[in-house]
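Presented below is the structure to which this report refers.
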Amino acid sequence: MKLVSSPSVRDERRTYVIGDVHGHRAELAAALRAKGLVDEETNWSGGETRLWFLGDFVDRGPDGIGVIDLVMRLCEQAPESGGMVDSLLGNHEILMLGMHRFGDTDVPSDFGPRSFARSWEINGGQPADQEGLTPGHLEWLTSRPVLALVADHLLMHSDTIEYLQWGETVDQINEAVRELLASDDLGEWWECWRRMTTRYSFRGPQGTEVAEQFLDILGGRQIVHGHSVIADQLGILPAQVEAPYEYAGGKVLGIDGGLFVGGPCLIVELPHTPED
Ligand SMILES: [Mn+2]
């Protein structure tokens, strides 16, 4: 066990990010406790820390609603000590909300029958999460952003450039998604789910260039994303993952430890400095 800071040294406000929790409330609470961000009762104890979640609270794991409830509570508590907790939407929030709103209504399409209900079932949808959704959850979720610029980092759930289909600035894109989530346009909702389910835009030989162009348009000096499990990108087992994955010439940081496949709940400080 290594002491990383002395209590007598006053740090600037710390910024942490957390990726895809997928219903694993107990693991999230334990990880937050280990970082000193919550106390034994899982109440905020992070002081002035800023904590951003990158979405995908639900599906695949047992207690998505419990995760949302915990995060919503921390959002309320953190400002009392000068801190801040907030979250982006992930594709699984879109899926859960789409399921809630449209159920098995067929999506207008030339490619055969599609519906949120079918996608929800094959992507780990949990009936208990649908049953537990309250108007308070719906209001909070549908007003979250999909992108955020925080301390010179561009936070996003999915490692995809498809966000640019909604606009050319972070504000435009967030506003466009907020508008579609307030609408009853099944086609737009479906397109949102489809876009945010794509991945790997920053991989491969062009990855660095694509990431640089993306940052040029939207701002920030490093992209931070969840959505794509680090172990899959490195070809190792999820349980072997210990740190976020920096790639594309350092322009991109993947932080999804793969909780739902047995990986760790990574809580990553920004800027990320690899352990020596
Ligand atoms: Mn995802």
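These figures come from a predicted structure and were not determined experimentally. Both counts, for ligands and for their atoms, begin at 1 and track the order of listing.
Among the atoms of S158, no N, O or S atom falls under 2.8 Å of the Mn ion (ligand 1). Inclusion of D56 in the first shell of the Mn ion (ligand 1) is supported: an N, O or S atom falls under 2.8 Å. The distance from the Mn ion (ligand 1) to the nearest N/O/S atom of H92 is not under 2.8 Å.
Centroid-to-centroid, the aromatic rings of H225 and H157 stay 6.0 Å apart or farther.
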Handout entry: Test log, rule side-chain hydrogen bond (donor to acceptor under 3.5 Å, both in side chains), inputs T42 and R33
Key = CA-CA 7 Å; T42 328; R33 215 170 283 137; 3.1 Å; yes
Exercise for the section: Mind running side-chain hydrogen bond (donor to acceptor under 3.5 Å, both in side chains) on T49 and R14 for me, showing each step along the way? Expected result: CA-CA 5 Å; T49 300; R14 290 175 180 274; 6.0 Å; no
Practice task
Begin with the C-alpha distance, continue with both residues' side-chain angles, and end with the deciding distance and a verdict on side-chain contact (heavy atoms from CB on, under 4.5 Å) for L147 and W166.
Solution key: CA-CA 11 Å; L147 298 175; W166 284 302; over 6 Å; no
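Geometry at the Mn ion (ligand 1): OD1/N91 and ND1/H227 form an angle of 100°, nearest 10 degrees.
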